[in-house]
Enquirer: 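Structure below; questions to follow.
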Amino acid sequence: MERTHTCGELRLGHVGEQVVLMGWVAKKRDFGVLTFIDLRDREGVTQVVMNEEDAGEAHAKAKNLRGEFVIAVKGKVIEREGTHNAKLATGDIEVHATEILILNDAKVPPFQLEVAGSENLAAEDTRLKYRYLDLRRPQLQHNIRMRAKAVAAIREYFDGRGFIEIETPILLKSTPEGARDFIVPSRIHTGKFFALPQSPQILKQLTMIAGFDKYYQIARCFRDEDLRADRQPEFTQLDMEMSFANQEMAYREIEGMFGHVFKLIGVDLPAQWPRMTYAEAMRRYGSDKPDLRFGMELVELSGELAGTDFAPFASVLEARGEIKCIVAKGKSDYSRKQLDELQDFVKRYGAGALAWIKLSDETTSSLLKALGETKIAELASTSGAEKGDLVLIVAGRKSVVRAALGALRVEVAKRENLIDRNSHKPLIVTEFPMFEHDEETDTYMAAHHPFTSPMDEDLELFKTAVNDPSQHHLLGKVRAKAYDAVIDGYECAGGSIRIHQKEIQDLNFKALGMTKESARTRFGFFLDALEYGTPPHGGFAAGIERTCMILCGTENIRDVMAFPKTASAQDLMMDSPGDVDEAQLEELGIEVSEPST
RNA sequence: GGAGUCGUAGUUCAGUUGGUUAGAACGCCAGCCUGUCACGUUGGAGGUCGCGGGUUCGAGCCCCGUCGGCUCCGCCA
């Protein structure tokens with residue numbers, strides 16, 4: 001028996017045809033002499049009817065069917081009379097079975113795949129243990145197929161523009177800055193290790209040096225860091241690079257690629273996205289990946305409070321911190337409890353407190369006693385708040401205020417449903433800083449990665465900062481030719497124009513505190529390569545999962561991965577990571593001992 | 001490394017102030033039912049209250065520890 005149609009295919013036009021469907025028993029409704037089966041495959045659900053009168057054998061077999069049995073059904077397509085089901089795409093018809101073949105039976109599933117009329121899915125650990133069952137859910141089927149379409153669209157886009165898909169090795173060499181590496185022992189070279197790629201960064205640059213001009217790859221990447229709702233230890237990125245490129249050319253490819261991909265969900269992203277410098281994004285939104293689907297921008301109050309004798313604010317301003325606020329429109333009715341919750345929220349980001357002003361019938365504020373009515377009114381006015389609004393204020397170090405208010409802005413928007421889920425707002429953030437300052441060690445680290453080119457305008461500044469030890473702090477002011485693509489508050493892609501001159505690359509390693517020797521040990525092959533005619537080049541990498549999360553309207557990366565890991569980086573289905581045989585370890589010359597904290 | 005939160009039947013949950021035999025719905029099993037599509041109906045089975053310890057006459061409930069899920073901070077060049 002061969003399948004003739006899928007379970008999502010049959011319509012009124014098929015009425016009268018003999019068909020064979022194959023799939024899973026989603027539901028059985030037994031009326032004694034009459035039995036209904038909802039037969040499910042990846043394309044949909046079709047109702048199958050077994051009537052004892054005219055199909056005794058099939059009806060008798062249906063008696064033994066249980067949920068998730070795999071069956072083949074042969075029968076005739078019949079129009080439903082007066083019992084059309086508008087909820088089913090195939091609801092105009094049903095198949096009257098004449099023959100049923102049980103292809104396989106199934107144990108009772110450990111959880112109900114989907115409880116109708118409810119969002120109450122089984123606990124996620126249970127579903128992860130039986131991921132192959134959870135994946136039968138239509139929503140996950142849809143997400144995984146959307147992901148396949150997105151990847152296909154990306155290939156279509158880059159193939160069409162003359163990019164060459166090149167695979168790079170998974171077994172690489174550890175380069176200890178950046179994220180922790182996953183390492184793989186070498187049997188042939190006892191005591192030596194490969195590392196899995198955190199990204200194919202250097203290799204794609206080498207494809208430029210090798211003259212391929214335009215490269216792309218759907219690349220699996222590995223980072224041994226803690227997980228988040230949007231982060232897994234292994235993930236996939238679209239990795240691309242092109243020679244003779246400047247930032248604008250890279251932006252065009254970002255816009256073109258995402259524009260092509262978002263057509264999958266019927267969304268037309270603008271041909272040219274808005275641009276915003278990193279500095280402006282941080283100032284206005286407290287984030288380098290602002291969600292532009294709502295306003296609530298940060299407002300500076302430091303000027304208004306200069307010279308205040310309220311000690312907490314005075315000490316912040318003296319330490320060159322800042323005082324900023326956001327305005328929650330129409331939320332002057334927030335309760336003490338709600339404000340306490342928000343205060344707990346900002347404290348996670350290091351904020352000492354959350355001050356507030358409520359502009360209801362009368363103005364109240366947590367700062368009333370400290371600042372007085374007049375000052376409160378002035379602050380409210382500066383913030384742009386109107387009657388009925390709530391002003392939320394954070395004071396502290398600049399980095400803390402931005403992180404806290406930037407996150408609070410998103411939190412309030414979520415709580416108050418200010419985000420239009422059907423709109424998508426892309427943005428290109430430009431002019432990222434070249435370095436990040438580590439306050440503990442007083443060192444500078446690459447903000448993007450150590451191959452990122454400084455901006456031409458900041459080249460002299462860069463040289464001065466590196467070569468003159470007394471001017472080292474100026475590194476914090478150097479801007480890079482680095483950029484991110486942000487959609488709806490997610491960093492969907494990031495990239496840069498790279499350094500193609502060895503002297504600049506040497507300077508950069510020096511800026512990062514690397515000696516010539518250590519730079520050679522790690523990147524010697526790359527430094528060599530730079531000297532053999534490296535074209536100017538640049539590109540970006542786009543997160544496949546994050547992009548798919550937006551396409552699928554989910555906030556969890558596990559919803560767009562077939563076999564994800566838990567927050568503690570385990571696979572509950574195959575129970576990995578696991579032990580290996582003593583013999584395997586011995587062959588590799590590896591002994592396992594307790595890690596020293 | 002840290003914080004929050006959750007853990008009770010196969011699943012989702014309820015469980016009062018610490019008090020008799022731990023409940024409901026769905027699912028499962030058996031029967032009845034010719035038009036259901038969240039079928040209906042009758043009956044039934046099903047529990048190490050995550051695990052370990054403590055307090056108590058008595059613990060699902062209180063305390064300590066521990067394990068696991070989720071989320072966040074740190075981390076993620």
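Here the structure is a predicted model, which is why all the values come from computation and not from measurement. Chain letters run A, B, ... following the sequence lines, proteins first and then strands; every chain starts at 1.
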Enquirer: Is there a side-chain contact between K27(A) and the phosphate of C39(B), meaning an N or O under 4.0 Å from OP1 or OP2?
Expert: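 Indeed, a polar side-chain atom of K27(A) lies that close.
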Enquirer: For A9(B) and A25(B), measure between their C1' atoms and round to the nearest Å.
Expert: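 Approximately 12 Å lies between the C1' atom of A9(B) and that of A25(B).
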Enquirer: Name the nucleic acid region contacted by F345(A), choosing base, sugar-phosphate or nothing; use a 4.0 angstrom heavy-atom cut-off, strictly under.
Expert: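 If one applies the 4.0 Å heavy-atom cut-off, F345(A) turns out to touch nothing in the nucleic acid.
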Enquirer: Tell me whether the side-chain N or O atoms of D226(A) pair up with the base of G74(B) as donor and acceptor below 3.5 Å, since no angle test is needed here.
Expert: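 Result: at least one qualifying N/O pair found.
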Enquirer: When all nucleic acid strands are considered with a 4.0 Å heavy-atom cut-off, which category describes D30(A): base, sugar-phosphate, or nothing?
Expert: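 D30(A): base contact, heavy atoms under 4.0 Å.
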Enquirer: On a whole-Å scale, what distance lies between the C1' atoms belonging to C29(B) and C57(B)?
Expert: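 Comparing C1' positions in C29(B) and C57(B) gives a spacing of 42 Å.
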Enquirer: Heavy atoms only, 4.0 Å cut-off, all strands: where does A407(A) land among base, sugar-phosphate and nothing?
Expert: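 Nothing: the residue A407(A), judged by heavy atoms under 4.0 Å, touches no strand.
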Enquirer: Across all strands, who's sitting opposite U55(B) as a Watson-Crick or G-U wobble pair, both distances under 3.5 Å?
Expert: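 Result: none.
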Enquirer: Side-chain donor-acceptor contacts of residues 484-493 of chain A below 3.5 Å, not counting sequence neighbours, with atom names and distances?
Expert:
from: D488(A); atom 1: OD1; to: K425(A); atom 2: N; distance (Å): 2.7
from: D488(A); atom 1: OD2; to: H424(A); atom 2: ND1; distance (Å): 2.6

Enquirer: Round to the nearest Å and state the distance from H59(A) atom NE2 to G35(B) atom C1'.
Expert: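 It is 13 Å, rounded to the nearest whole Å.
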Enquirer: Using a strict cut-off of less than 4.0 Å between a Lys/Arg side-chain nitrogen and an Asp/Glu carboxylate oxygen, indicate whether D30(A) and K63(A) qualify as a salt bridge.
Expert: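 Between K63(A) and D30(A) there is a salt bridge, with a charged N closer than 4.0 Å to a carboxylate O.
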Enquirer: Give, for atom OG1 of T236(A) and atom CZ of R220(A), the distance between the pair rounded to the nearest 0.5 Å.
Expert: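 Going from OG1 on T236(A) over to CZ on R220(A), the span is 4.5 Å.
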Enquirer: Verify the contact: side-chain N or O of R29(A) to OP1 or OP2 of U36(B), cut-off strictly under 4.0 Å; return yes or no.
Expert: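 False: R29(A) side-chain N/O out of range (4.0 Å or more) of U36(B) OP1/OP2.
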Enquirer: Nearest of C76(B), C70(B), U11(B) to any side-chain atom of R231(A)?
Expert: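 The answer is C76(B), which lies nearest to the side chain.
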Enquirer: Considering only NZ, NE, NH1 and NH2 on the basic side and carboxylate oxygens on the acidic side, decide whether E411(A) and R415(A) come within less than 4.0 Å.
Expert: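 Judged by the 4.0 Å cut-off on N to carboxylate O distance, E411(A) and R415(A) do form a salt bridge.
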Enquirer: Could you say whether M445(A) or R228(A) is positioned toward the 5' end of RNA chain B, judged by the nucleotide with the nearest heavy atom to each?
Expert: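 The residue closer to the strand's 5' end, by nearest nucleotide, is R228(A).
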Enquirer: Nearest whole angstrom, please: distance from the C1' of C70(B) to the CZ of R127(A).
Expert: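 Checked: the CZ to C1' distance equals 11 Å.
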Enquirer: Between U36(B) atom P and E52(A) atom CD, what is the distance in whole Å?
Expert: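 That distance rounds to 19 Å.
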Enquirer: Using a cut-off of 4.0 Å on non-hydrogen atoms, how would the nucleic acid contact of P110(A) be classed: base, sugar-phosphate, or nothing?
Expert: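 It contacts sugar-phosphate atoms only.
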Enquirer: In Å, rounded to the nearest 0.5 Å, how long is the span from NE2 of H96(A) to CE of M50(A)?
Expert: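 It comes to 10.0 Å.
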Enquirer: Please round to the nearest 0.5 Å and tell me the distance separating atom CD1 of I100(A) and atom CZ of F69(A).
Expert: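 It comes to 12.0 Å.
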Enquirer: Could you tell me whether N556(A) contacts a base, only the sugar-phosphate backbone, or nothing, with contacts defined as non-hydrogen atoms closer than 4.0 Å?
Expert: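 Contact class for N556(A): sugar-phosphate only.
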Enquirer: How about R131(A): does its CZ atom have over 12 heavy atoms from other parts shown lying under 6.0 Å from it?
Expert: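 Count over threshold, so yes.
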Enquirer: If you check the S568(A) side chain, which of G69(B), G35(B), C72(B) turns out closest?
Expert: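 Nearest nucleotide to the side chain: G69(B).
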Enquirer: In whole Å, measure the gap between the C1' atoms of G60(B) and G18(B) for me.
Expert: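 The answer is 10 Å between these two C1' atoms.
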Enquirer: Would you measure the distance from the C1' atom in C37(B) across to the matching atom in G4(B) and give it in whole Å?
Expert: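 After rounding to an integer number of Å, I get 43 Å for this pair.
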Enquirer: Measure the distance from NZ on K107(A) to P on C29(B) and round it to the nearest whole Å.
Expert: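 Going from K107(A) (NZ) to C29(B) (P), I get 14 Å.
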Enquirer: For A446(A) and for T566(A), find the nucleotide of RNA chain B with the closest heavy atom, then tell me which residue's nucleotide is more 5'.
Expert: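 Whichever sits nearer the 5' end wins; that is T566(A).
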Enquirer: Taking atom P in both A24(B) and A14(B), compute the distance separating them and give it to the nearest angstrom.
Expert: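 The same atom, P, in both gives a distance of 16 Å.
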Enquirer: According to the salt bridge (Lys or Arg N to Asp or Glu O under 4.0 Å) rule, which pairs have a member within residues 564-577 of chain A, sequence neighbours left out?
Expert: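 Every pair satisfying salt bridge (Lys or Arg N to Asp or Glu O under 4.0 Å) with a residue in residues 564-577 of chain A: E234(A)-K565(A).
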Enquirer: Rounded to whole angstroms, how far apart are CD on Q570(A) and P on G68(B)?
Expert: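 Going from Q570(A) (CD) to G68(B) (P), I get 7 Å.
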Enquirer: Counting side-chain heavy atoms from CB outward, which of C39(B), C28(B), C70(B) is closest to R558(A)?
Expert: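 Looking only at side-chain atoms, R558(A) lies closest to C70(B).
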Enquirer: Compare side-chain N and O positions of R66(A) against OP1 and OP2 of C29(B) and report whether any pair is under 4.0 Å apart.
Expert: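 For C29(B), OP1 or OP2 has a side-chain N or O of R66(A) closer than 4.0 Å.
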Enquirer: What does C26(B) pair with, Watson-Crick or G-U, if both distances are under 3.5 Å?
Expert: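 Here C26(B) is engaged in a pair, and the nucleotide opposite it is G10(B).
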Enquirer: Go through C72(B), U11(B), C76(B) for me and flag the one nearest to the Y349(A) side chain.
Expert: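 Selected nucleotide: C72(B).
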Enquirer: Pick the P atom in U71(B) and in G10(B), then give their distance to the nearest Å.
Expert: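 Their P atoms lie roughly 26 Å apart.
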Enquirer: Considering only atom P, compute the distance from G53(B) to G44(B) and round it to an integer number of Å.
Expert: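 Here G53(B) and G44(B) have their P atoms 37 Å from each other.
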Enquirer: Does R348(A) get its side chain close enough to the base of C72(B), under 3.5 Å, for a donor-acceptor pair?
Expert: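 Check fails, no donor-acceptor contact within cut-off.
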Enquirer: Can you name the nearest heavy-atom pair linking H537(A) to T534(A), along with the distance?
Expert: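 Of all heavy-atom pairs spanning H537(A) and T534(A), the closest is CE1-CG2, 3.7 Å.
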Enquirer: Please report the distance, rounded to the nearest Å, between CZ in F31(A) and C1' in U41(B).
Expert: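 Whole-Å distance recorded here is 11 Å.
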Enquirer: For atom P, what is the distance between C32(B) and U8(B), given to the nearest Å?
Expert: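 C32(B) and U8(B) have their P atoms separated by 37 Å.
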Enquirer: Looking at residues 79-91 of chain A, who's got a heavy atom less than 4.0 Å off RNA chain B?
Expert: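 Contacts with RNA chain B under 4.0 Å: R80(A), T83(A), N85(A), K87(A).
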Enquirer: Do the charged groups of E545(A) and R228(A) touch, with an N to O distance under 4.0 Å?
Expert: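 Answer for the salt bridge query: no.
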Enquirer: Looking only at N and O atoms, is any donor in the side chain of E94(A) or the base of G35(B) less than 3.5 Å from an acceptor on the other one?
Expert: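 A donor-acceptor contact between them is present.
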Enquirer: Could you tell me which nucleotide pairs with G60(B) by Watson-Crick or G-U wobble geometry, both distances under 3.5 Å, or answer none if nothing does?
Expert: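 By the stated definition (distances under 3.5 Å), nothing pairs with G60(B).
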Enquirer: Look at the side chain of Q112(A) against the base of U12(B) and say whether a donor-acceptor pair falls under 3.5 Å; ignore hydrogens and angles.
Expert: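 For Q112(A), whose side chain was compared with the base of U12(B), there is no donor-acceptor pair (under 3.5 Å).
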Enquirer: Quick one: look up who G4(B) pairs with, Watson-Crick or G-U, both distances under 3.5 Å, and put none if it's unpaired.
Expert: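 Pairing partner: C70(B).
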Enquirer: Indicate, with a heavy-atom threshold strictly under 4.0 Å, whether Q47(A) touches base, sugar-phosphate, or nothing.
Expert: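 Counting heavy atoms under 4.0 Å across all strands, the contact made by Q47(A) includes a base.
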Enquirer: Take atom CD of Q232(A) and atom P of U71(B), then tell me their distance rounded to the nearest Å.
Expert: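 Spelled out: CD on Q232(A) to P on U71(B) is 9 Å.
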Enquirer: Where is the tightest heavy-atom contact between L418(A) and M296(A), given as atom of each residue plus distance?
Expert: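 For L418(A) and M296(A), the tightest heavy-atom pair comes out as CD1-CE, 3.8 Å.
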Enquirer: In whole angstrom, give the distance that lies between atom CG of D575(A) and atom C1' of C67(B).
Expert: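 After rounding, the gap between these two atoms is 14 Å.
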